[in-house]
Amino acid sequence: MHLPVLVGNLKQTEWALRIRSQKIHEAQEVCFREDLPEEFRGKARRFYEWYADHEQAGWWLDHRYESPQATCRFARQDWDT
């Protein structure tokens, strides 16, 4: 898996790496489920790419308490602009 290098100070990036690892795993379980209906697969892949592409350590820290599904609302806001 090719994830961007995190940007932030050393303490932030160390903490964010652990959070990102957990959140990416959660997102993969949701976005790449075998039973995901075909009409949602493209949207799920698009969300996953948006989610995994965040490189600011602070972003991962800010969203550490949210499930990937809850964070998806931010993706939709980005896509609409």
Side-chain angles (χ1 to χ4, degrees):
M1 173 176 12
H2 299 282
L3 297 171
V5 174
L6 292 178
V7 176
N9 68 43
L10 181 61
K11 186 176 179 179
Q12 285 178 323
T13 56
E14 287 176 348
W15 189 18
L17 281 170
R18 291 191 301 271
I19 292 167
R20 181 177 71 175
S21 177
Q22 175 190 347
K23 296 299 181 180
I24 289 294
H25 178 73
E26 291 174 19
Q28 288 172 334
E29 287 181 346
V30 172
C31 294
F32 302 113
R33 291 185 356 221
E34 292 293 325
D35 64 339
L36 192 65
E38 187 65 36
E39 64 267 18
F40 296 115
R41 290 179 189 224
K43 290 179 183 180
R45 180 167 301 280
R46 185 175 177 192
F47 163 72
Y48 179 80
E49 290 171 1
W50 173 87
Y51 193 69
D53 198 40
H54 283 88
E55 61 185 26
Q56 293 295 321
W59 187 90
W60 291 100
L61 300 176
D62 290 346
H63 297 281
R64 68 187 174 273
Y65 297 118
E66 297 171 0
S67 68
Q69 299 94 314
T71 307
C72 183
R73 73 181 181 276
F74 297 111
R76 290 194 310 254
Q77 289 172 358
D78 276 2
W79 298 335
D80 291 339
T81 58

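Keep in mind that this is a model prediction, so the values were computed, not measured.
Interatomic distance, Leu61 CG to Arg18 CZ, rounded to the nearest 0.5 Å: 9.5 Å. With rounding to the nearest 0.5 Å, the separation of OH in Tyr51 from CD in Gln69 is 8.5 Å.
When all heavy atoms are compared, the tightest approach of Thr13 to Leu10 is OG1-O, 3.0 Å. Contact detail for Phe47 and Cys72: the closest heavy-atom pair is CE1-CA, 3.5 Å. Across Ala57 and Gly8, no two heavy atoms sit closer than the pair CB-CA, 4.5 Å. The two residues Pro68 and Ala27 make their nearest non-hydrogen contact at CG-N, 3.7 Å.
When side chains are defined from C-beta on, Trp15 does not count as touching Leu6, because their heavy atoms never get closer than 4.5 Å. Put simply, the side chain of Pro4 reaches to within 4.5 Å of the side chain of Arg20, judged on heavy atoms. A 4.5 Å side-chain heavy-atom check between Phe32 and Arg45 finds at least one atom pair inside the cut-off.
Put simply, the residue from His63, Glu26, Glu66, Lys23 that forms a side-chain hydrogen bond (donor to acceptor under 3.5 Å, both in side chains) with Thr71 is Glu66.
Of the possible donor and acceptor atoms, none in the side chain of Ser21 sits under 3.5 Å from a partner among the backbone N and O of Leu17. In this structure, the side chain of Trp60 engages the main chain of His54 through a donor-acceptor pair within 3.5 Å.
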Step by step, work out the salt bridge (Lys or Arg N to Asp or Glu O under 4.0 Å) result for Glu49 and Arg46. CA-CA 5 Å; Glu49 290 171 1; Arg46 185 175 177 192; over 6 Å; no
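Cluster annotation: Val30 is not connected to Trp50 through the hydrophobic network of ILVMFWY side chains, with a link wherever side-chain heavy atoms come within less than 4.5 Å. Tracing side-chain contacts under 4.5 Å through hydrophobic residues (I, L, V, M, F, W, Y), one reaches Leu3 starting from Trp59; they form part of the same cluster.
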